[in-house]
Amino acid sequence: MTDNKSGEILIIEDDKDINDLLATALSKAGYRTRQMDASLPVIILTAKDELDEKINLLVAGADDYITKPFEIKEVVARVAVQLRHAVADVPSKSGKAGENQTKAENDTGQGDTANTYIAGPAKIEHRQLVLDRISRQLYVADDAVDGITKQEFAILELLMAHPRQVFAKEDIFEYAWDEPYIGETKTLDVHISNIRKKIKKLTDDEYIETVWGIGYKMKE
């Protein structure tokens, strides 16, 4: 098992008590701090829980957010998840990060979707969408879709690999975030909305269908 606690963390918090609490908890968990890096995952702690505010944070580039008041154990757990994702995105010594591998369901199409990797094509296509797993880029025909985040890429990877299957929100969340689903769907809904908006800049066609009471699937 890879030890991801070699990662270093920058805490930005204007409340000194909260800053000290986070620093102490993360230090006890084995982490260190460092200056900001463009590749460093960003988790926002905010007292604002309005949907528009959450959307703005995610669109601005945040990888995750936690509303105040919060449980310190949840913060440490979410830090571990983001660092695990960051390590997984680093290219291997061969220079091919995740080539011909994808997080997906097993060959039977059943079972836990999270933390499952199978061999697969370098690209997944659905209608005019092309998802390039090597460059981690989404295209509409030949036009690149700007600003696809890690979670948005994972959501599309799962849905496009099984375009006729309806996925429950719980399964999509656990696949894309690689952490247990705790009953909150706003985060996933926001990411789905963001994907739709980014695709909409290049085409009027709809690609992700909402299946009410269940979840999402690719639109035929």
Side-chain angles (χ1 to χ4, degrees), residues 38-44 51-66 78 81-90 97-98 101-105 113-117 120-163 165-181 184-211 215-219:
S39 64
L40 199 65
V42 176
I43 301 176
I44 303 293
L51 180 58
D52 287 345
E53 179 66 21
K54 294 176 181 179
I55 292 174
N56 290 337
L57 291 173
L58 294 169
V59 170
D63 294 284
D64 197 1
Y65 63 83
I66 302 172
R78 288 181 180 271
V81 168
Q82 290 300 328
L83 288 177
R84 185 163 69 246
H85 288 167
V87 170
D89 286 341
V90 175
Q101 284 190 323
T102 177
K103 292 165 64 179
E105 293 183 304
T113 56
N115 292 318
T116 303
Y117 292 80
K123 295 181 180 180
I124 307 176
E125 299 183 21
H126 177 71
R127 293 166 52 195
Q128 293 297 306
L129 290 187
V130 179
L131 194 68
D132 189 322
R133 289 188 178 121
I134 298 175
S135 66
R136 302 191 67 78
Q137 178 64 58
L138 174 68
Y139 297 89
V140 176
D142 295 326
D143 297 320
V145 178
D146 292 333
I148 293 295
T149 67
K150 290 183 294 185
Q151 278 78 24
E152 290 166 2
F153 187 94
I155 291 168
L156 286 166
E157 184 179 53
L158 179 64
L159 296 180
M160 289 176 65
H162 308 275
Q165 182 171 341
V166 178
F167 285 93
K169 290 184 177 181
E170 174 182 354
D171 292 332
I172 300 173
F173 182 92
E174 291 187 351
Y175 180 86
W177 276 264
D178 195 17
E179 61 182 86
Y181 175 76
E184 192 275 322
T185 65
K186 289 183 180 179
T187 300
L188 174 61
D189 294 338
V190 166
H191 279 72
I192 292 288
S193 176
N194 288 343
I195 293 171
R196 286 170 168 161
K197 289 177 182 178
K198 291 171 184 179
I199 293 176
K200 201 75 172 178
K201 292 179 181 180
L202 298 176
T203 178
D204 290 330
D205 292 341
E206 297 289 341
Y207 281 93
I208 299 179
E209 179 180 348
T210 300
V211 182
Y216 299 98
K217 69 182 292 290
M218 296 304 295
K219 194 175 183 66

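Here CD1 of Ile195 is found 4.0 Å from CG of Leu156. Values are rounded to the nearest 0.5 Å. In this structure, the separation between CZ on Arg78 and CH2 on Trp177 is 9.5 Å, given to the nearest 0.5 Å. A distance of 12.0 Å separates CD1 in Ile148 from OH in Tyr139, rounded to the nearest 0.5 Å. Between the CD atom in Gln151 and the CG atom in Asn194 there is a gap of 11.5 Å [rounded to 0.5 Å]. With values rounded to the nearest 0.5 angstrom, Ile124 atom CD1 is found 8.0 Å from His162 atom NE2.
Put simply, the side chain of Glu152 gets close to the backbone of Thr149: a donor and an acceptor are under 3.5 Å apart. Of the possible polar contacts, one joining the Asp63 side chain to the Val42 backbone as a donor-acceptor pair under 3.5 Å is found. Using modelled atom types, one side-chain atom of Gln137 and one backbone atom of Val145 make a donor-acceptor pair closer than 3.5 Å. Side chain of Lys198 to backbone of Gly147: a donor-acceptor contact under 3.5 angstrom is found. With His191 contributing its side chain and Thr187 its backbone, the two residues share a donor-acceptor pair below 3.5 Å.
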Leu188 vs Ile155, side chain to side chain contact (heavy atoms under 4.5 Å, CB included): CA-CA, chis, key distance, verdict: CA-CA 9 Å; Leu188 174 61; Ile155 291 168; 3.7 Å; yes
Please evaluate residues Leu129 and Ile199 with respect to the criterion side chain to side chain contact (heavy atoms under 4.5 Å, CB included), reporting the C-alpha separation (whole Å), side-chain torsions for both, the decisive distance (0.1 Å), and the verdict. CA-CA 9 Å; Leu129 290 187; Ile199 293 176; 4.1 Å; yes
Item to complete: Give the intermediate values and the outcome of side chain to side chain contact (heavy atoms under 4.5 Å, CB included) for residues Arg133 and Glu157.
Response: CA-CA 8 Å; Arg133 289 188 178 121; Glu157 184 179 53; 3.2 Å; yes
TODO: Before giving the answer on side chain to side chain contact (heavy atoms under 4.5 Å, CB included), spell out for Lys217 and Ile208 the whole-Å C-alpha distance, their side-chain angles and the decisive distance to 0.1 Å.
DONE: CA-CA 6 Å; Lys217 69 182 292 290; Ile208 299 179; over 6 Å; no
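Inter-residue side-chain proximity for Ile172 and Leu159 is flagged as met; some heavy-atom pair is nearer than 4.5 Å. Looking only at side-chain heavy atoms (C-beta outward), Phe153 and Arg136 come within less than 4.5 Å of each other. Side chains of Ile192 and Tyr216 form a contact here, defined as non-hydrogen atoms less than 4.5 Å apart. Contact check for Met218 versus Met160: side-chain heavy atoms found under the 4.5 Å cut-off.
Minimum heavy-atom separation, Ala154 to Ala176: CB-CA, 3.7 Å. Ala122 and Ile134 make their closest contact through CB-CD1, 3.7 Å (heavy atoms, listed as atom of the first residue, atom of the second, distance).
In this structure, Lys200 places its NZ atom where more than 12 heavy-atom neighbours from other residues, nucleotides or ligands lie under 6.0 Å away.
A salt bridge links Asp189 and Lys169; the closest N-O separation between the charged side-chain nitrogens and carboxylate oxygens is under 4.0 Å.
Donor-acceptor pairing under 3.5 Å is recorded for the side chains of Thr210 and Arg196.
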